[in-house]
Structures are given as structure tokens and as C-alpha cells.
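Each remark here refers to the structure printed beneath this line.
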2 protein chains.
Amino acid sequence: MKIAEPTVERLVQYHRLLEQLVAEGQKVVSSQEMGEMLSFKASQVRKDLSYFGEIGKRGVGYHVDRLHKHISRILASPRKWSIGLVGVGKLGEALLGYQAFQNDKFHIRALFDVDTDKIGTEIQGILCYSVDDITEIVREKEIEVLILTVPGGAAQHVADRAVQAGTVKGILNFAPVSLSVPENVLLAAVDISVELEKLLFFLKHKEE
Amino acid sequence: MKIAEPTVERLVQYHRLLEQLVAEGQKVVSSQEMGEMLSFKASQVRKDLSYFGEIGKRGVGYHVDRLHKHISRILASPRKWSIGLVGVGKLGEALLGYQAFQNDKFHIRALFDVDTDKIGTEIQGILCYSVDDITEIVREKEIEVLILTVPGGAAQHVADRAVQAGTVKGILNFAPVSLSVPENVLLAAVDISVELEKLLFFLKHKEE
DNA sequence: GTGTGTGAAGTGGTTCACAGCG
DNA sequence: CGCTGTGAACCACTTCACACAC
């Protein structure tokens with residue numbers, strides 16, 4: 001079955017919302033309510049949720065606990081992914097300390113940096129290697145996912161060298177450049193400066 | 001004229017690419033080439049660029065310098081935006097240090113945090129205030145854009161209090177929650193954990 | 001000949017509207 | 001009667017295909 005990117009994005013958000021509702025002890029929720037809380041149309045919510053089989057009760061709504069478990073199963077990983085984080089600057093450290101990165105779906109197995117003060121030390125409990133050795137370490141640790149928090153100028157080079165190891169299946173790129181990778185490597189990009197530029201553009205546009 | 005969000009996103013990327021080409025001294029570029037470098041279809045590039053008038057030369061391509069200036073003008077701001085950054089943790093500091101944030105389109109006028117060690121001090125040259133005073137300071141400094149790099153639990157509250165000042169026109173939210181704001185406030189969200197979850201989902205999905 | 005500009009066709013995602021079940 | 005599930009209608013963005021300018 002094919003499943004669209006915007007749908008997955010919303011599923012993750014439903015999941016997060018349901019976690020909250022579970023914690024608050026709410027038993028039942030309607031597509032209407034969920035839509036209001038996340039700013040989606042109720043029909044959108046229903047379509048998304050019905051995608052994986054009938055899970056709601058007509059005339060009632062969705063059982064919070066059941067729905068939460070249901071989506072957990074959809075989003076669940078078959079195993080823990082091995083992740084490598086490249087670039088332990090402020091952004092890299094921010095990610096390491098992030099709530100959502102204390103997750104049982106993956107394990108950050110190695111850090112990489114160019115800074116000799118960092119190489120060989122542990123940061124937040126994870127050993128930092130030299131980016132020069134990235135091909136070898138990625139292969140050795142069988143790292144499948146790469147998080148790139150390096151300056152734009154370094155990103156393509158680093159990606160190439162890591163992909164060379166042959167184990168990398170996906171890259172989450174925070175560097176403000178468009179990477180090219182082999183087509184069997186999934187690429188997701190978070191471009192912070194583009195988001196800000198977009199916001200400013202639409203603000204300007206609205207004023208005109 | 002109405003202009004679609006994906007188009008703006010690409011415009012920002014063309015602009016960045018052209019900056020590079022200008023620096024490298026390339027004189028002319030085709031939609032084909034630009035498409036390859038950014039992983040867009042050539043026809044997409046042409047459609048985007050023709051949106052604002054004929055700018056290319058048939059049989060030749062686009063004059064790099066001219067096109068760069070052209071897009072600059074499209075993306076240009078009417079004036080410098082006043083920005084406030086809320087939450088001077090690792091992520092907030094990362095943004096402050098960011099290349100793209102040394103930009104002539106805006107000026108970060110104030111920082112906000114709850115940490116009494118930070119309040120009253122300057123960080124990267126900008127004074128940090130208590131979030132308790134956010135309504136007053138935002139009004140006083142006429143802050144129009146807010147960057148939220150606070151924990152999820154605090155985001156809605158902070159946003160409400162800031163919006164109360166009456167000057168806020170847009171919010172760039174990095175907190176992993178869905179905010180509700182008055183409809184005259186533009187909202188852009190960068191949800192890092194959602195991006196990672198999405199990537200992992202599609203990796204899993206591909207393997208099945 | 002070469003590469004742009006663009007109407008027309010295609011694709012993919014969202015919203016509607018209502019049947020159907022609890 | 002209320003709220004879900006879902007085909008059909010709608011809408012938005014992308015891609016094609018070709019006329020046209022250089």
C-alpha cells in the first residue's frame with residue numbers, strides 16, 4: 001500500500017496528541033475534536049485514520065487508548081535504527097538533548113566532528129570520531145541513518161563519504177544545501193533558513 | 001497575485017544556488033542545470049521563474065547575475081523586520097549563530113528566557129529578558145516576528161502572551177506542538193522530531 | 001538549433017456529502 | 001440520532017508538449 005507523505009506527517013501528530021490525551025485520562029475523542037486541536041479538517045482526520053482499517057465507533061468517536069496503540073503500531077520500527085550524527089555544534093547538541101531523541105526507535109551510535117577538542121571525547125554519553133574516519137566507522141557500526149548538522153559547505157562531501165560505507169539508508173539533512181545522494185538513500189531535509197525566508201515573504205506579501 | 005507556498009520554497013533555493021553561481025563567476029545557467037542541482041524538473045524551474053515575467057533568453061538560458069537580482073527583488077523585504085527569540089537553549093543559540101541569521105532582512109531585537117542566569121545578560125550581543133515580561137517588551141520593541149525555541153509545554157502560553165502585545169504578525173515555531181494563534185498571525189512550524197519520525201517510517205515502509 | 005514560456009493535461013491530496021452502523 | 005467511513009467532486013501543484021524567440 002502506498003501512503004502519502006502529508007498523511008504520515010499528520011499520523012505522527014495524531015500520535016503525539018493522543019499521548020497527551022492518554023495522560024490526561026480522556027477516554028474518547030472525535031475527529032472533530034482532534035481536528036480542532038491540530039488545525040485539520042475533521043474529514044481529513046477521518047480519512048487518515050480510516051486508511052489503516054476501521055478503528056472508530058460510529059456515533060461515538062475513537063477510543064483514545066485503542067487509537068493510540070493503533071497508530072503506535074503503524075509508526076513502529078521493526079528494530080532499533082543505528083544513527084550517526086555529524087557535526088556536534090550547537091544544533092547537533094540541541095538535537096542530542098532533545099526530548100524526542102530519547103526514543104526507543106533508534107540509538108545514536110556515533111558522533112562525528114572536525115574539532116580535535118571533541119574527537120575522542122564522549123558528548124552526552126556518545127563517543128565522537130573524526131569525520132575523516134566516517135566511512136570506516138559508519139561501516140563498522142552499521143549506521144543506517146545519518147543526521148547532518150554541519151555547515152552547508154561540508155554537507156555534500158560528508159554525505160558522499162558516509163554513503164560510501166554502503167550501510168546508509170537515510171539522511172536527515174539540516175545543512176542549508178540541496179544534497180545529491182544515490183536514489184536508494186532516502187533524503188529528508190529540514191531547512192531552517194528557508195522556513196524563515198518563507199515566513200517573511202508571506203508577511204511581506206500580505207501587507208502589499 | 002497569488003503565489004503558492006511550494007513555489008516560494010523553491011524561489012528561496014534558486015536564490016541560494018544563484019548566490020553560489022555568482023560567486024563562482026558562472027555567467028549563464030539553464031533551467032536544466034538548475035533543476036539537476038536542486039533535484040527539480042526543468043519544466044518546474046521554468047514555470048517558477050516565468051511567474052514573475054520573462055527573465056530568461058530563449059535559446060540561451062538565464063543570465064545568472066540578472067536572475068539573482070530578480071529573485072532578490074521578489075524576496076526582498078519592504079523594511080527590516082523586528083524579531084524576538086524566545087528560549088535561549090541550545091537550539092536558540094544555534095539559530096543565533098547561524099549564517100543565514102546574519103541577514104539584512106531582519107534584526108533580532110530581544111531574547112527571552114526563564115533562566116535567571118541569562119536574564120539581564122547579553123547573548124551574542126542581544127539582551128535577554130524574562131519571559132514574564134514578554135507582552136510588555138514585545139510591545140515596547142514593536143516585535144513583529146517571534147521565533148519560538150521553547151519546550152513544547154511552554155509554547156502555547158508564551159505565544160498567547162506575546163500575541164497579546166498586538167504587534168506580532170508571524171511566528172516561527174520550533175516547539176513540538178501545534179499552536180493556535182489568531183488568524184491574522186501567520187504561523188510556520190519546523191518540527192524536527194516529526195521529520196525524523198517521517199524518515200524512519202518511510203525507511204521501514206520501504207523494507208516491507 | 002537551442003532553451004524559454006505557457007496553455008493544456010495529468011497527478012496527488014483535500015474536502016464534501018451522505019450512506020451506514022452503533 | 002451521532003459520528004465514522006468513503007466514493008465522488010474539487011482543488012492545487014506538477015509535468016508535458018510545443019510554439020516561439022534568440
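Computed over heavy atoms, backbone and side chain alike; hydrogens, waters and symmetry mates excluded.
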| message | Pair A:R79, A:E144 - check salt bridge (charged side-chain N to carboxylate O under 4.0 Å, His left out), show working. | response | CA-CA 12 Å; A:R79 59 197 149 73; A:E144 298 172 283; 2.9 Å; yes
| request: Take the protein atom CD of B:E5 and the nucleotide atom C1' of C:dG12, then report the distance between them rounded to whole Å. | output: 16 Å
| request: Please check if atom CD in A:Q99 has more than 12 non-hydrogen atoms from other residues, nucleotides or ligands closer than 6.0 Å. | output: no
| Spacing of A:E33 atom CD relative to D:dG2 atom P, expressed in whole Å | 15 Å
| remark: Of A:K57 and A:K2, the one whose nearest nucleotide on DNA chain C sits closer to the 5' end is A:K2
| For D:dT14, does either OP1 or OP2 sit under 4.0 Å from a side-chain N or O belonging to B:R10? | yes
| query | Do we see a donor-acceptor contact under 3.5 Å between the side chains of B:S82 and B:H107? | reply | no
| message | Nearest whole Å is fine: how far is C:dT4 P from B:K41 NZ? | response | 16 Å
| request: First locate atom CE of B:M37, then atom CG of B:L17, and finally report the distance between them rounded to the nearest 0.5 Å. | output: 4.5 Å
| said: So, does A:Y62 get its side chain near the phosphate of C:dG22, meaning an N or O under 4.0 Å from OP1 or OP2? | reply: no
| query | Which whole-number value in Å describes the distance from B:M34 CE to C:dT4 P? | reply | 10 Å
| Just how far, in rounded Å, is P of D:dA17 from CD of B:Q44? | 16 Å
| B:K204, NZ atom: more than 12 neighbouring heavy atoms under 6.0 Å | yes
| note | Separation of C:dT14 atom P from A:F40 atom CZ, nearest Å, is 10 Å
| note | Expected list for residues 23-31 of chain A near DNA chain D, using heavy atoms below 4.0 Å, is A:S30, A:S31
| Nearest-Å distance for atom pair CG/C1', residues B:L67 and C:dG3 | 14 Å
| field | Polar contact flag, side-chain donor to acceptor under 3.5 angstrom, A:D160-A:Q156 | value | yes
| Where along residues 46-55 of chain B does a heavy atom fall under 4.0 Å from DNA chain D? | B:R46, B:K47
| Could one point to a donor on the side chain of A:R58 or the base of C:dG20 with an acceptor on the other under 3.5 Å away? | yes
| message | Checking A:D133 against A:T135: is there a side-chain donor and acceptor pair closer than 3.5 Å? | response | no
| Are B:R16 and B:E19 within salt-bridge range, i.e. N to O under 4.0 Å? | no
| Once you round it to whole Å, what is the distance between P of C:dT4 and NE2 of B:H70? | 14 Å
| request: Taking atom CD of B:Q102 as the centre, report whether more than 12 heavy atoms of other residues, nucleotides or ligands fall under 6.0 Å from it. | output: yes
